[in-house]
Each structure stands twice: as structure tokens, then as C-alpha cells.
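A quick note: this is a predicted structure, and the numbers were derived from the prediction, not measured.
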Amino acid sequence: MSNPVEIWKSEKHGFDVWPEVERHAAAGTPMKQIDQADLERMKWYGFFYRKRDLPGRYMNRIRLTAGELTAPQAKAIAHLACDLGHGVIDITTRANVQVQGLDVGHLPEAAKRLARVGLSSKQTGHDNIRNVFAHPFSGLMPDELIDTRGLCHEITSIFLDSREYSDLPRKMNICLNGTENHSAHFWTQDISFLAARRSGGEIAFHALIGGTQGQTPHLAWRLPVWVEPGQVVEVTRAILDLFRAEGSREKRNAARFRFLIEAIGVEGVMNRLESRLPFCLQPCLDAPAPARSYDDLIGWFPQKAPGLWTMGLSVPLGRMTWRQLEGLAVLSRKWADGQLRTTHEQGIAVINVPTRHRGGAATDAAALGLSVHADSLDRNSMACTGSQFCNIAVTETKGHMFQLLEKLRKKQVKLEGVRIHMSGCPSSCAQHFTADIGLKGVRVRRLLGTREGFDVFLGGGAGGQIEMGRAYRLGVDVDQLPALVEEVVGEYYVHHRPGQTFSAYWRERLGDASRTDDGAKAGEDDYRPPVWICEKCQHRHLGVDPPMFCPSCAGLRRFFARLEEHSSETVGVITPPAERPDGYVFAADESAVQSESGLAVTVAGHELALFRVAGQVRAVAALCPHEGAPLAQGTIENGVITCPWHGWTFDACSGCSLEPANHRLDRHEVLVEDGKVFVRVGRGSAPNHEQPSSERRSGSQQPAAAKAVCQPRPTQAAVATLSVADVIQETPDVRTFRLDNSGRKIPLERPGQFVSVCATIDGRDVWRSFTVCSSPARPEGLDLTIKLNPDGQVSRHLFETIRPGSRLKLRGPQGRFYFDPTRHDEPLALISAGSGITPMMSIARFLRDTGDGRSCVFVYGARTADDIILHRDCGQLVAQMPGFRYYVTLSQAGAGWTGACGRIDAERLGEWIDDLAARRCFLCGPDQFLDQIRAGLLAAGVAEERIHTEAFHSREPARV
Ligand code: SF4
């Protein structure tokens, strides 16, 4: 067990949150004051916090096993939405219903109202078994092989209210289909039972396992056995037990059941099932027919009982008003026997309508705005929740889709089986990449503002096998979608071959990206990922999708806008030109090489630093031979490069070290032509994977893959003068200098980095490095917590002269010792001694500010109780973060100290951190401390690449 979710799950079961729910309901606790883990636990009761639905509302997801719904239940849900919510009800692709807009004070009342009509919303979210659905018309269809509703209820009874089965590694989706035609939905579930007639005529089920939707969809594997109806429940239980016992809980994104199957194979699953089941399963050689596209559940369907009909109604985009649902409850009693079904196509049906009442029922439904004759647009469209309610949506969806369909209707565009799915973000809840036309919400920067837009994918499909849509156009303004859909549908109608589907046509037209023999296929190096800019703090992010949150200001994904296509050049991604015949390779635009700072580039697989000396450009090895510091982040003055970490100096022309002597940097020949810098990498230069042997090698920046591309990377460090907002005495010899960085002049990005501070002493500028102690997620302030070094020039100068209102010149951020949430997904161990606490505080505060709920153990060693730095701040972090643990040990504890005594060592770490080997460890302190702890961590099984170390030195060389 290692991921943060598993840790808070183990600390308190989701079922045990109910007293808290009642307490918050009675007190009307604002959402932001409720413990984040408890907000997550509320999903065990079907209540989902909605941070966007201000002021802090909740959505209630109600389980409808097999999609069965009675008139009293429908009425109760309608009244729940009317009385306590926004009056809006959504039907989901698992045939649940969701009521939006509940106030915290109404949650217990909502649960009571549901219980009164035999409904429950328990276990409809998080790591639970979700609604078990069947074909919506089960028990009604004339050609059905078996009615599976009873099995759905039996399976549900296994896990409902069970503590064991509500603590799975991840969620589990289960469904059954008693017909011979199995739509794509049934192939993307964790467990599907698909009915078939055996050669002897008896009915049994094919069992499919491990299907998923989401960002990496996967069609299910088939178990090579028949499962008889009487065996279904036990087989399901055995699979659940297997998942509970062997499913990985290490990483959330690799915890679904499919990953266990990938690990042990279908054969492994079979072996384990055989040992768990009290009976033998009969082998089955026949595969079920491949998945069809989607079920058409709108219209009139004759039932097997003569004279009775099912009225399948279209619910545009799955959303109803409470009046519509209440009206359907009344209608179903007036014209039928008061029974309804929800469908996995986000629709609803009234069943058992006698032939003579069909007209009346359809007329009443039409009066409610629900049609049995939906047009091709309503039948073939799907939209996720979108920004109206979803916490992480980038764009609105249902509203945009509604407008799109209206405009297509006016243009008389007919879809005829062409599916359009719209998702509001990359999470793909509307399965946009497997739709014929997939739309993924993005924000796009246009001129001075941003617009909602959509990336358009064509050619996706879910029939037979899942096909991913191909990117057709990116960042299409939402207003341009109708014209674009008209264009692509029109082209298909005009040009497709007889029998060729829309998706097949567009896959052929856009090229099959899966082919590897296609000479025209774009290579990896040709790909230029887009640039995203955070609208709150202007932080830039290079990647296929925007990050979940801004690493600079912790703003949510929705604040990121994609710059238009050409703008990727603004962060220095340059199409690699071919190597020149004379061996020179393009490295950078000359204008990018400044006279006072270096520029890091990668040329033909070598990391280099470019400097300008007396107007000439010089190229040297990127890393300092001492401890591997990035020299481009250092300074250049009078042809002397100063290392940003420890102040070693080098002559930029010869590469020879000045202080200390007898070291050298590899140099490379430079040619400047037409404003372009070309470099010929010399034979003696080290390729970039040969990193110096030092603790910084295990730092958080991995060496770039060797490839023939030139990617000048902007030097992140900036030079700025900031005013001092406050000076706080932390301990007798430690002060925090709080600087005003509200102008973001120092572009803080990563917690753990340092800045260089300039002190003018005796008329000379002296630079010293100090780690930033504050959180980069709050970049408007920059805290330097500094211990007075009686022998040190700069710290003494700061203590003696710097007061609130003073101004300090800084350069930064710098350094490769930092926590990167985009690449580090393990729980953390932050281990420090003395003033090495500062980068750890920055990391811990960053976790708090970004709502990162992972487990973090903070271990700190000091000499005496008076020397404990930031003790109160750490105590506050403990109170603010459920997954944060804080341990202090003193090497010279006085009489009044009741805590741990002695130095930090491997044994003590093992006592405090039982899953040490699974953690990413950051260490900061004196060299000897680092060596000892690092050796202990390696012996405890911590992987070397997960140990990050940063040494601090009592005396650092001056940078003058
Ligand atoms: Fe929310 Fe994104 Fe899922 Fe839509 S796709 S419901 S926006 S998470």
C-alpha cells in the first residue's frame, strides 16, 4: 500500500464518515472547512463535492440496479431535486441518476428520502463497485435469451454494505446482457456476462474481464469458459476476491483490474479462479460476436407479453428537469403499470404500455418535452457534465452541445449513425476518442483573451475493436463547430465508398497512425507539443494536455489556455535542421544568448551551455565537474563562468577552472551565421548520459534522451530586486526574511530550489545561495529562512542590515533539487537536519497549497529544543494535511524534552516509516549526514533514483 488514497482509506473507512456528514449537516460546515479525505469518503454514501457549484454544493448519485425504477421512486427523486437541489437530474452511462445542487445541510435528509422509497446512493463513487446494469429492456424482449435482472440484484447484494467489497484497489464496473447482440458498452466493463446459446441449446454466459473506458480504453479479455446462470454470482465473487487480494494499490493509474490481468494473464486469472471456485467451469472455444457500436433504445419496442410495449424516450444529453421526471412518474401510472427503466445511453423508458395507450402515453411524453421520435442528432450525441458542475472541467459541454445540435438542425445536417461525443477535458468521460466525431474541451488563447475551444478527432470507433480518433483540428473555436461538423459530414457523404462508415472513411483519409511502415508517418522528433499558459500567473507548460494544476500558482487546469500553433516557438522548441556537411549543428538563435547569463541547449545528444564573451558565443559542457550544477544557471562576467551551486569559476574561452584550479570544462567549436548559432561537438565531450558522479546525479532532473534534436531551453533564473516585507525571528540565530514577490519577478516553480542573494560588502557584490522556504504555489511571497553563520560574510550582513522595507537583489530560482509533482507520484519522506529543513518546508507547504493529499513523512533532526526551526509551522501542517506526519529528534535534548533523542539514522527511519522503500526521499543536511542516511535508505530498499540529496555547507565560496 503506498499511494495517498490507500493511506487515508486505511485510516478511516468510507462508511465511517457518516457521523461527520451528520455533524457538518447540522453545523452547515462550508466545504472548504471539511477535511479533504472526508469529502472523498462521502462518495461512499453517493455524495460528491462540487467545488464549482458555489457555494460548495453536492451531487447525489443514486444507484438503480438493472436500471429499474418505479413511479414512486421517480417521483421521490424528482422532488428531491426540486426541494433540495437545482431541480436538475442527469442520467448516466451506467443508468444511474444524479441529482445536482444539494446543500451540505440536506445530505442526511436526501439519504432518508431515498431510503423511504427503497433507493440508496451508497457506494456509487470512488473505489466501489458501481451500478450493476443489464440490457435496459431485460425481461421484456421477445428474443431475449435470459432475463438478467435477478442476477444483477444478487451480485449487488454481495457488496452492498460490505466493508470488504467497498475497499477495492479501484472502482469496478459490472454488467450483464441477456440478449445475443452486445453493444460496445458491454466490452468496456471490468466484468461483463454476455448471454449465448450453447450448441446443446442451453443458455450460458461468456465472461469478459478487464475492459476500461477513460483515457486509455481497452476492450475486455474473454475467459475461455462458459459460465452457467447459477454460477454467475460465485464467479463474480471470486473475481472480486482476486482483485482485492492481488490488485495493485501502488499507483492509482495502474490499479484498475485490467492491470492485474496484464500482470498475470488470462491464464493466471483462470488458475486463480479455479482454486477459488467450488465447481469447475466448462471450457468454451467460441468467442462472442464482436462488439456492435451502440444500442438504439429510442422508439416503440414490442414486448414478449402480447399487447404490451416499451416506450423508449430520448433525454437530450441525459439531462431532465424534475418536472419531466415527476411527469413521467404520473404518465407511467396513467398509461401503464408505473414501471420505468433508465438506460446506459442516458435515456429513459416507460414499460408495459398497452397497445391502446400508446398514443396517449406518447402525447403526454411529448408534452413533457420528451420524444419517442428523436432525430438523428439527439440519438447520436453525448456530452459529459462539463464546467457547470465538474470540478476539473476545462469547458462547458452540455450547453455547447445543445447549441451545436440546434445549429446543425437548422443547417439540416443529418448524422445517421455518426456519433458526436463532447468531453470537457482530457479525462474523456464522454468517451470522445472512441466517437466518430470526438470533441475535447480546451481553452485557446486568441489575441489578448482566451476562448473555449475544442480539439476535434475523427474516425474513432467502438465497434469490433476500439479505434482511437485521429486529430483533425486542434483548438477549434466553439462557434466554429457547426461549420466544421457540417464540413466533415458533408465530405463523407460525397466521397465515401459504398458501405464505408464515417469513421472508416476518415481513418483512411487522415492516415492510420498505428501503421509503422508508413513513410509519411510523423516521427517523434517532428512532434511539437503545444504550449499552455496559465491565465493566473502566466506559467508556461509544454505538453499534449494542460497539467491538472499549475505548478506555479496551483491554479486548476481550467485556467490553462493553449497558445496558438506557432507560439510553441516562444518557449524555444525549434524544428531540428539537418546537420551541416561541415559537422556543425544548429544550437540556438544568436539573440537567445544573453551577455549576462547562459543558455542551456542540447545538440546532437550533448547538453551544452552557451555563453557570450566579448560579443562572441562560447559553448562549453553544461554541467560543473564538481557536483553537476547546471552552469547555464550560473553567471558570466568578464569571461568568467561562476557555478550556481558552489561558486567554482571557469574561464569561458579555455574551459580551465580558476578556483579551484586543475579542472576543466569541455569546449566546442562555435559558428555564427545569419543570426544562428551552430556548434560542432568535439570528440572529447561527454555525451549527456555520462553525468558526474555526485549526489546531484540522483536529483530530480533526468538526463534528456539522446536524440538529434536541438532544444534550447530557457534559463529559468531571473535577476530581480525585491523589497523585504518582514523579518521574523525563528530561533535565536535563525531569521526568516519575507520578500515581496507579488510582481513574480522571481519565477518560482519548484519547491526545493534556491536563489542567490547579492550582498554589497565593502563595495563588492558577494553572492550566496539560500534555499527558498516558502511554497512556489504562493509565488507572491518568497521566504528565505537563514541561519546566522558567525564566520559568514553574507548571513552576518543580512542579519545586521536587512529590515522590513530593505531591498535585496536575487537571482533564481536555481538548482536541480526539487519535488516535481508531474513526475514524482510516490508518497514522500522529507529528511533533514539543522538548516537543511528549508527545502523540506517548501515541499511540505507546496503539498498543502496544491491540495496534494499524498502521504508525507517529515523527519527533522536538531541539536536542542531551541534549535528546532519552524516547529510551529510544522505543527500547523500536521493539522492541515491528513497525510502529513512530523517527527523531531534532538541530539542534545535537555531535561524538559519528552520527544525522540539522538541523531537520525536508518533504524529510526525504519521505525517511523514502515513503507520507506516505497517512498521518494528528499534529504538535506551536512555531507556526512547525507552519506549516512543515503546509505541507510539504499540498504532499506529505496531505489537510487528515488533519493534526492542536497548538501548545505557552512562556508560557501563567495561569488564576487
Ligand atoms: Fe468533468 Fe472532464 Fe469528465 Fe467532463 S470529461 S465530466 S469535464 S472530468
- Message: Angle between ring planes, Phe737 versus Phe799, binned at 30° and 60°: parallel, tilted or perpendicular?
- Response: perpendicular
- Return the minimal non-hydrogen interatomic distance between Asp905 and Gln932, and the atom names on each side. CB-NE2, 3.6 Å
- Run the side chain to side chain contact (heavy atoms under 4.5 Å, CB included) check on Val734 and Leu870 step by step: do they pass? CA-CA 10 Å; Val734 175; Leu870 301 168; over 6 Å; no
- Message: In the structure I gave you, are the side-chain heavy atoms of Lys745 and Leu722 within less than 4.5 Å of one another anywhere?
- Response: yes
- With Phe922, the ring pair (Phe, Tyr, Trp, His ring centres under 6.0 Å) member among Phe817, Phe858, Phe846, Tyr818: Phe817
- Note on the structure: Smallest heavy-atom separation, Glu780 atom then Arg744 atom, equals CB-NH1, 3.6 Å
- Query: Donor-acceptor pair, Thr889 side chain versus Gly902 backbone, under 3.5 Å?
  - Reply: yes
- Can you tell if the side chain of Val719 reaches within under 4.5 Å of the side chain of Lys809, non-hydrogen atoms only? yes
- Please test Arg664 against Asp666 for salt bridge (charged side-chain N to carboxylate O under 4.0 Å, His left out), starting from the C-alpha separation and ending with a verdict. CA-CA 7 Å; Arg664 67 181 288 277; Asp666 285 328; 3.6 Å; yes
- State the CZ-OG1 distance between Arg735 and Thr785, to the nearest 0.5 angstrom. 12.5 Å
- Would you say the side chains of Glu637 and Thr642 form a donor-acceptor pair under 3.5 Å? no
- Message: Using a 6.0 Å cut-off, check whether atom CZ of Arg803 has over 12 heavy atoms from anything other than its own residue.
- Response: yes
- Task: State the CD1-CZ distance between Ile786 and Arg768, to the nearest 0.5 angstrom.
- Result: 11.5 Å
- Counting distance only, does the side-chain N/O of Arg738 pair as donor-acceptor with the main-chain N or O of Val727 below 3.5 Å? no
- Message: Are the side chains of Pro776 and Ser842 in contact, using a 4.5 Å heavy-atom criterion?
- Response: yes
- Can you tell me if Asn789 uses its side chain to pair, donor with acceptor, with the backbone of Ser795 under 3.5 Å? no
- Side-chain (Arg845) to main-chain (Cys773) donor-acceptor, under 3.5 angstrom: yes
- Gln928 (side chain) donor-acceptor with Asp931 (main chain) under 3.5 angstrom: no
- The reported gap from SG in Cys921 to CD in Glu944 (rounded to nearest 0.5 angstrom) is 12.5 Å
- Message: Checking the side chain of Arg919 only, and the main-chain atoms of Leu830 only, is there a donor and an acceptor separated by less than 3.5 Å?
- Response: no
- Could you go step by step and tell me if Val679 and Val617 meet the side chain to side chain contact (heavy atoms under 4.5 Å, CB included) rule? CA-CA 10 Å; Val679 175; Val617 177; over 6 Å; no
- CD1-CD1 distance between Ile837 and Ile831, expressed to the nearest 0.5 angstrom: 13.0 Å
- Nearest heavy-atom approach of Leu631 to Ala621 is CD1-O, 3.7 Å
- Query: How long is the span from the CG atom in Leu623 to the CG atom in Leu608, to the nearest 0.5 Å?
  - Reply: 10.0 Å
- Query: Taking the side chain from Arg667 and the backbone from Ser654, do they hold a donor-acceptor pair closer than 3.5 Å?
  - Reply: yes
- Can you tell if the side chain of His663 reaches within under 4.5 Å of the side chain of Trp648, non-hydrogen atoms only? yes
- Item | Sidechain-backbone polar pair: Thr649 side chain, Val640 backbone, donor-acceptor under 3.5 Å | no
- Task: Please check if the side chain of Asn741 supplies one atom and the backbone of Pro779 the other of a donor-acceptor pair under 3.5 Å.
- Result: yes
- Item | Backbone N/O of Thr731 and side chain of Gln729: donor-acceptor pair under 3.5 Å | yes
- Heavy atoms only: give me the nearest Asp651-Cys653 pair and the separation to one decimal. OD1-N, 2.8 Å
- Message: Applying side chain to side chain contact (heavy atoms under 4.5 Å, CB included) to Met841 and Cys874, what does each step give before you reach the verdict?
- Response: CA-CA 8 Å; Met841 280 305 292; Cys874 288; 3.5 Å; yes
- Query: Hey, are the side chains of Leu739 and Leu784 touching, using non-hydrogen atoms and a 4.5 Å cut-off?
  - Reply: yes
- Note on the structure: salt bridge (Lys or Arg N to Asp or Glu O under 4.0 Å) filter on Arg848, not counting sequence neighbours, yields none
- Task: Would you give the length of the straight line joining atom SG of Cys656 to atom CG of Leu665, rounded to the nearest 0.5 angstrom?
- Result: 8.5 Å
- Task: Starting from the C-alpha separation in whole Å, work towards a yes-or-no answer on side chain to side chain donor-acceptor pair (under 3.5 Å) for Tyr584 and His668.
- Result: CA-CA 10 Å; Tyr584 281 99; His668 307 278; over 6 Å; no
- Message: Test side chain to side chain contact (heavy atoms under 4.5 Å, CB included) on Arg816 and His948; report intermediate values, then the result.
- Response: CA-CA 9 Å; Arg816 301 202 297 175; His948 305 256; over 6 Å; no
- Query: So do Ile869 and Thr838 actually touch side chain to side chain, heavy atoms under 4.5 Å?
  - Reply: no
- How far apart are the closest heavy atoms of Arg934 and Leu923, and which atoms are they? N-CD1, 4.0 Å
- Non-hydrogen atoms of Gln892 and Thr864 that approach each other most closely: O-CG2, 3.7 Å
- Task: Just do the side chain to side chain donor-acceptor pair (under 3.5 Å) check on Ser742 and Asp740 with the steps written out, would you?
- Result: CA-CA 6 Å; Ser742 51; Asp740 177 4; 2.7 Å; yes
- Message: Which label fits Phe884 and Tyr886: parallel for a plane angle under 30°, tilted from 30 to 60°, or perpendicular past 60°?
- Response: parallel
- Query: Are the side chains of Arg854 and Arg920 in touch, meaning some heavy atoms are under 4.5 Å apart?
  - Reply: no
- Under the ring-ring contact (aromatic ring centres under 6.0 Å, His included) rule, what pairs show up with a residue in residues 769-796, not counting sequence neighbours? none
- Task: Using a 4.5 Å cut-off on heavy atoms from C-beta on, say whether the side chain of Arg750 contacts that of Pro813.
- Result: no
